[in-house]
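Below is one structure, written out as structure tokens; comments come after it.
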Protein chains: 2
Amino acid sequence: MVIKTFKALAEPNRLRIVELLKEKPYSVNEFAELLDIRQPQASKHLKILNEAGMVFVNTVAQRHIYSLNPESFCQLDEWINSFSTLWNNRLDNLDTHLRKTRKDQDGTY
Amino acid sequence: MVIKTFKALAEPNRLRIVELLKEKPYSVNEFAELLDIRQPQASKHLKILNEAGMVFVNTVAQRHIYSLNPESFCQLDEWINSFSTLWNNRLDNLDTHLRKTRKDQDGTY
DNA sequence: ATAGAATATTCTTGTCAAAGAATATTCTAT
DNA sequence: ATAGAATATTCTTTGACAAGAATATTCTAT
């Protein structure tokens, strides 16, 4: 169900959150500050990322520290690798395919 | 601008289109049939995928044959690989981290 | 030139999701 | 126990986008 991951990443604040988490974990309020949004929105976005399995929580006192969940990135990597024939093995096949269909075209290619 | 790619893939029909294109190129009407949607929606979805740079058109007579654009998948692959330290180099660090924080989680792990 | 095939565009409607605002919950000090 | 800090939830409003419906455009045969 990789589409849940795409939906989670299709929002600017959440994409930013994920990229910030590449450096280190952050708390909810830290995200609110870094993204210049209010705390409730930060909570909501983190909840969505959490439900998408991209993030997990680490409770320290009242603070909820969020970190990246490698698992979901693994799956995403696998999904993309299922397309890897596009730019690896079949680069020649693609070329021949284009060459083959070129004659069917009106010269705009 | 990888977020445009995520937005494009965050819709079930478009995700399906991309996965169908993994096999071979298709025309607009073929997508409409395969996805059981009407032709205009197929056109619109393909337009969005095209504007996101994930797909390119090959005009054959009146038919518009759509194929995957490897470039965008390359970029997506690069984006994900920028997170690769998550599941490669630091697998041991992650393991000890999880071991340390496991008691704070809700048991779904 | 005309008809038909294939695709694209426009406009409207309905739905879902993000933001705002207020409040609730949870935890920790004292 | 209580106050305050940190986070979560609820409700409403707003905006974006997908679907529907109708029509327009483009191209190809004849």
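We name chains A, B, ... by the order of the sequence lines, and we start the count at 1 in each one. These numbers come from a predicted model, not from an experiment.
Separating the NZ atom of B/Lys7 from the C1' atom of C/dA18 is a distance of 12 Å, rounded to the nearest angstrom. If you measure from atom CD of A/Gln62 to atom P of D/dT7, you get 8 Å, rounded to the nearest angstrom. Here D/dC17 presents its C1' atom at 16 Å from CG of B/Leu9, a figure rounded to the nearest Å. When rounded to the nearest whole Å, the span between CG of A/Leu15 and P of C/dA17 equals 18 Å. The nearest whole Å value for the distance from the CZ atom in A/Phe31 to the C1' atom in D/dA8 is 16 Å. Going from atom CG of A/Asn58 over to atom P of D/dT7 covers 13 Å, rounded to whole Å.
Note on A/Asn29: a side-chain N or O is less than 4.0 Å away from OP1 or OP2 of D/dT7. The side chain of B/Arg63 contributes no N or O atom lying less than 4.0 Å from OP1 or OP2 of D/dC27. Using a 4.0 Å cut-off, no side-chain N or O of B/His64 falls inside it from OP1 or OP2 of C/dA6. Contact annotation: A/Ser27 side-chain N/O to D/dT7 OP1/OP2 distance is under 4.0 Å. Distances shown here put every side-chain N or O of B/Tyr66 at or beyond 4.0 Å from the OP1 or OP2 atom of C/dA6.
Checking A/Glu30 against B/Glu11, the closest nucleotide of DNA chain D that is more toward the 5' end is the one next to A/Glu30.
Residues A/Val60 and A/Ile65 approach most closely at CG2-CG1, 4.2 Å, considering heavy atoms.
Between the side chain of B/Asn69 and the backbone N or O of B/Gly53, at least one donor-acceptor pair lies under 3.5 Å. The backbone N or O of B/Asn81 sits less than 3.5 Å from a side-chain atom of B/Ser84, completing a donor-acceptor pair. Remark: side-chain polar atoms of B/Glu78 are not paired, donor with acceptor, to backbone N or O of B/Gln75 under 3.5 angstrom.
Ranking C/dA19, D/dT7, D/dA19 by closeness to the A/Asn13 side chain, first place goes to C/dA19.
Base pairing of C/dA17: its partner is D/dT14, meeting the Watson-Crick or G-U wobble criterion (both donor-acceptor distances under 3.5 Å). Across the strands present, D/dT26 finds its partner in C/dA5; the criterion is a Watson-Crick or G-U wobble pair with both atom distances under 3.5 angstrom.
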Are any protein N/O atoms closer than 3.5 Å to N/O atoms in nucleotides 14-16 of chain C? If there are, list each pair with its distance.
none

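In this structure, the side chains of A/Arg14 and A/Leu9 stay at 4.5 Å or more apart for every pair of heavy atoms.
Transitive grouping of hydrophobic side chains (ILVMFWY, heavy atoms separated by less than 4.5 Å) keeps A/Val55 and A/Ile48 in distinct clusters.
Rounded to the nearest 0.5 angstrom, B/His64 NE2 and B/Ser27 OG are separated by 10.5 Å. Note: B/Leu49 CG to B/Met54 CE = 6.5 Å, rounded to the nearest 0.5 Å. Between atom CZ of residue A/Phe31 and atom CD1 of residue A/Ile17 there is a gap of 5.5 Å, rounded to the nearest 0.5 Å. Atom OG1 in B/Thr5 sits 10.5 Å away from atom CH2 in B/Trp79 (nearest 0.5 Å).
At a non-hydrogen distance threshold of 4.0 Å, B/Gln39, B/Pro40, B/Ser43, B/Lys44, B/Lys47 from residues 36-50 of chain B come into contact with DNA chain C.
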